[in-house]
Amino acid sequence: MRGPRARVDPTWSGRLVPEKGPHLAAEAARKAGFPLRLVGPIGDLRYFTEYVEPQLGDGVDYVGHLDRSRLASLVGGACAALVTPCWDEPYGLVVAEALACGTPVSGFDRGALPEILTPECGRLAPAGDTAALAELIPETVRLDRGAARERAEGFCSLQVMADQYGALYEELVT
């Protein structure tokens with residue numbers, strides 16, 4: 001394994017809303033025996049109160065909505081990022097951010113995640129299956145952090161994205 005080992009618990013980041021499934025990340029982390037740090041703005045107070053708050057405690061902590069620098073530090077130091085979409089997100093910005101920080105990802109096989117992640121930088125469980133996700137977390141924390149960063153550079157970088165958009169536009173007009 002290349003790259004430094006993380007020192008911090010797994011993280012989940014994003015808007016705390018039903019379609020992002022942070023309560024499912026908490027459930028999976030707990031099943032796997034891992035603590036979890038949830039971070040992001042509360043986008044749906046009722047959902048947070050009914051589904052997320054009951055999951056807090058016993059190693060699952062909500063650390064609030066962090067500024068960009070503190071978020072990058074937390075995600076970059078995490079041993080894994082959990083990504084639990086409950087809808088078919090067209091692009092996984094949280095995944096790209098985690099990979100850019102060199103943090104491998106455990107997530108649901110849904111939306112754009114299968115296009116972004118490779119076996120070298122992440123693991124995918126069937127959508128909504130927290131038991132399967134829990135089984136993948138120990139594998140994910142052992143993945144090469146350098147491979148995660150390489151995937152971000154080779155697939156998610158500004159230059160790569162601009163080149164892909166340019167190629168798509170050119171294809172559409174010809």
Side-chain angles (χ1 to χ4, degrees), residues 1-16 18-40 51-64 66 70-89 91-156:
M1 174 170 36
R2 297 188 329 244
R5 288 292 304 200
R7 300 174 301 278
V8 179
D9 308 332
T11 61
W12 180 97
S13 61
R15 289 179 300 114
L16 285 101
E19 61 268 22
K20 302 286 188 176
H23 70 287
L24 299 174
E27 186 178 315
R30 192 167 274 122
K31 285 179 181 179
F34 279 82
L36 180 68
R37 294 184 183 188
L38 299 167
V39 59
Y51 291 92
V52 178
E53 233 172 16
Q55 294 275 3
L56 300 179
D58 296 325
V60 176
D61 297 313
Y62 174 57
V63 297
L66 304 179
R70 289 174 50 208
L71 176 63
S73 179
L74 182 69
V75 173
C79 60
L82 304 187
V83 182
T84 50
C86 296
W87 73 295
D88 292 330
E89 290 191 78
Y91 186 74
L93 184 58
V94 168
V95 176
E97 290 171 342
L99 296 177
C101 290
T103 302
V105 174
S106 274
F108 289 149
D109 188 359
R110 187 156 196 182
L113 270 70
E115 295 176 42
I116 300 170
L117 294 177
T118 65
E120 293 76 29
C121 65
R123 296 289 186 265
L124 293 172
D129 189 340
T130 59
L133 184 61
E135 289 180 20
L136 296 176
I137 296 171
E139 289 179 36
T140 304
V141 302
R142 291 190 300 269
L143 291 174
D144 183 345
R145 296 178 67 82
R149 175 66 187 179
E150 287 174 17
R151 180 63 176 164
E153 291 172 353
F155 188 80
C156 307

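The stretch residues 113-128 participates, sequence neighbours left out, in these salt bridge (Lys or Arg N to Asp or Glu O under 4.0 Å) pairs: Arg123-Glu139. Sorted by first and then second residue, the salt bridge (Lys or Arg N to Asp or Glu O under 4.0 Å) pairs with a member in residues 20-32 read Lys20-Glu89, Glu27-Lys31; sequence neighbours excluded.
Among residues two or more places apart in sequence or in another chain, the side chain to side chain contact (heavy atoms under 4.5 Å, CB included) test is passed with Glu19 by Arg15, Val17, Trp87. Contacts of Thr84 classified as side chain to side chain donor-acceptor pair (under 3.5 Å), with partners at least two apart in sequence or in another chain: Trp12. Shown here are the side chain to side chain donor-acceptor pair (under 3.5 Å) partners of Glu97, two or more places apart in sequence or in another chain: there are none. In this structure, the ring pair (Phe, Tyr, Trp, His ring centres under 6.0 Å) partners of Tyr62, at least two apart in sequence or on a different chain, are Phe48. Thr11 meets the side chain to side chain donor-acceptor pair (under 3.5 Å) test with no other residue; sequence neighbours excluded. Not counting sequence neighbours, the partners of Pro114 by the side chain to side chain contact (heavy atoms under 4.5 Å, CB included) test are Asp109, Leu124. Residues passing the side chain to side chain donor-acceptor pair (under 3.5 Å) test with Asp88, sequence neighbours excluded: Arg110. Every residue meeting the side chain to side chain contact (heavy atoms under 4.5 Å, CB included) condition with Cys86, not counting sequence neighbours, appears here in chain and number order: Leu24. The side chain to side chain contact (heavy atoms under 4.5 Å, CB included) search around Pro35 returns Asp9, not counting sequence neighbours.
The two atoms that bring Ala80 and Val141 nearest to each other are CB-CG1, 3.9 Å, heavy atoms only.
Once rounded to the nearest 0.5 Å, the distance linking CD of Glu153 with CG of Leu99 reads 10.5 Å. Residue Arg149 holds its CZ atom at 8.0 Å from SG of Cys101, rounded to the nearest 0.5 Å.
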